[in-house]
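Here is how names work: the chains are called A, B, and so on, in the same order as the sequence lines, proteins then strands, and each is numbered from 1.
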There are 2 protein chains.
Amino acid sequence: MPIPEPVEDDLARVGGVVGLTRLLPDRETLALRSQQFHALSDPVRLKILLLLAVQPLCVCVIREVVAVADSRLSYHLNVLKKADLIAGVAQGNWIIYSLTPEGERFAAALVG
Amino acid sequence: MPIPEPVEDDLARVGGVVGLTRLLPDRETLALRSQQFHALSDPVRLKILLLLAVQPLCVCVIREVVAVADSRLSYHLNVLKKADLIAGVAQGNWIIYSLTPEGERFAAALVG
DNA sequence: GGGCTATTTCAAGATAGTATGAAATGGATA
DNA sequence: TATCCATTTCATACTATCTTGAAATAGCCC
């Protein structure tokens, strides 16, 4: 395979195509990361993450701020939950959501 | 609207629902960020970003490592390009892709 | 110019993600 | 128990994203 020279020189230094391939994370890690990024690929979910970065909130408050239908909000909360970015604990009739450690990491990167 | 007490106390401190709403970025910023996250929500694109974090590469080398069809690779490169995470410069018959500053930011966050 | 190569573009179908409203769940209160 | 309220679940329609193979583009070399 012919390769442009400036690329070829550096490529040799990292062990060629084989060397590059070895630098990549395994399939599971890539799947996990892409799931996390997917969870943040929507403005509604991004808002939720940023809100929970301020403080834990019940669904009722989140709904007021984000202004979407109940079922839609629930759907997006679930996407974030499945990506392990947020978690909810029942408190009487309410559910209070907060960021997981992973969620904190992303929120911090997003703000900073 | 009734609110669970532990939430209500903190909520008052940040200015209630109105205060929370003001903390959120504007629509364009949210759209930009969600586009960036979407661009990274796929294992193939994640691989590409990580590869380009090592060094600039032509499509031919990326294809070897990622092992997908030409048109499919081109599609994913374009998603990353539209999100302004990578950029390509033609070099003779090749196109050499590298990370943009934004792409570097994400790659660094991903590795660290 | 003619042929070769790297990469992109296009159109089509296949798949995945999202919105919506109605119904279900489950805790609280009386 | 009956009722109310916050939230989720479900079914369905809709929309966006992805894959595939074939064709197009554009630079290089003879």
Notebook entry, point to check: At their closest point, which heavy atom of Leu11(B) faces which heavy atom of Gln55(A), and how far apart are they?
Noted result: N-OE1, 3.2 Å
Item checked: Whole-Å distance separating the CD1 atom of Ile62(B) from the P atom of dA6(C) -> 14 Å
Notebook entry, point to check: Which nucleotide, dG17(C), dT20(D), dT7(D), lies nearest any side-chain atom of Ser71(B)?
Noted result: dT20(D)
Check: Where the side chain of Asp70(A) is defined as all heavy atoms beyond and including C-beta, which of dT7(D), dA6(D), dA6(C) is the nearest nucleotide?
Finding: dT7(D)
Check: Could you give the NZ-to-P distance, from Lys81(B) to dT7(C), as a whole number of Å?
Finding: 12 Å
Checklist line | Arg45(A) side chain, from C-beta outward: closest of dT18(C), dT7(C), dT19(D) | finding: dT18(C)
Check: Ignoring hydrogens and geometry, is there a side-chain-to-backbone donor-acceptor pair from Gln36(A) to Leu85(A) under 3.5 Å?
Finding: no
Check: Given dT8(C), is OP1 or OP2 found less than 4.0 Å from the side-chain N or O atoms of Arg72(B)?
Finding: no
Checklist line | Evaluation steps, salt bridge (charged side-chain N to carboxylate O under 4.0 Å, His left out), between Glu64(B) and Lys47(B) | finding: CA-CA 12 Å; Glu64(B) 288 285 315; Lys47(B) 283 186 189 176; over 6 Å; no
Margin query: Can you measure Leu80(B) atom CG to dT17(D) atom C1' for me and round it to whole angstrom units?
Written below: 14 Å
Check: How many Å lie between OH on Tyr75(A) and P on dA16(C), as a whole number?
Finding: 13 Å
Checklist line | Donor-acceptor pair, side chain of Thr21(A) and main chain of Val17(A), under 3.5 angstrom | finding: yes
Check: Taking the nucleotide of DNA chain C with the closest heavy atom to each, which residue, Ala69(A) or Gly92(A), is nearer the 5' end?
Finding: Ala69(A)
Next item on the list: Could you work out which one of dT7(C), dC18(D), dG17(C) sits closest to the side chain of His76(B)?
Entry: dC18(D)
Checklist line | Protein-nucleotide distance (Tyr97(A), atom OH; dT8(D), atom P), rounded to Å | finding: 4 Å
Next item on the list: Taking all heavy atoms of Leu46(B) and all of Leu40(B), pick out the closest pair and write down the distance.
Entry: CD1-O, 3.5 Å
Margin query: Quick check: any donor-acceptor pair below 3.5 Å linking the side-chain of Asn93(B) to the base of dT5(C)?
Written below: yes
Checklist line | Nearest-angstrom distance from the residue atom CD of Glu64(A) to P of dT7(D) | finding: 11 Å
Next item on the list: Measure from CD on Gln91(A) to P on dT7(D) and round the result to the nearest Å.
Entry: 11 Å
Next item on the list: Indicate whether OP1 or OP2 belonging to dT18(C) is found under 4.0 Å from a side-chain N or O atom of His38(A).
Entry: yes
Note to self: Could you tell me how far apart Leu73(B) (CG) and dT9(C) (C1') are, to the nearest whole angstrom?
What the structure shows: 14 Å
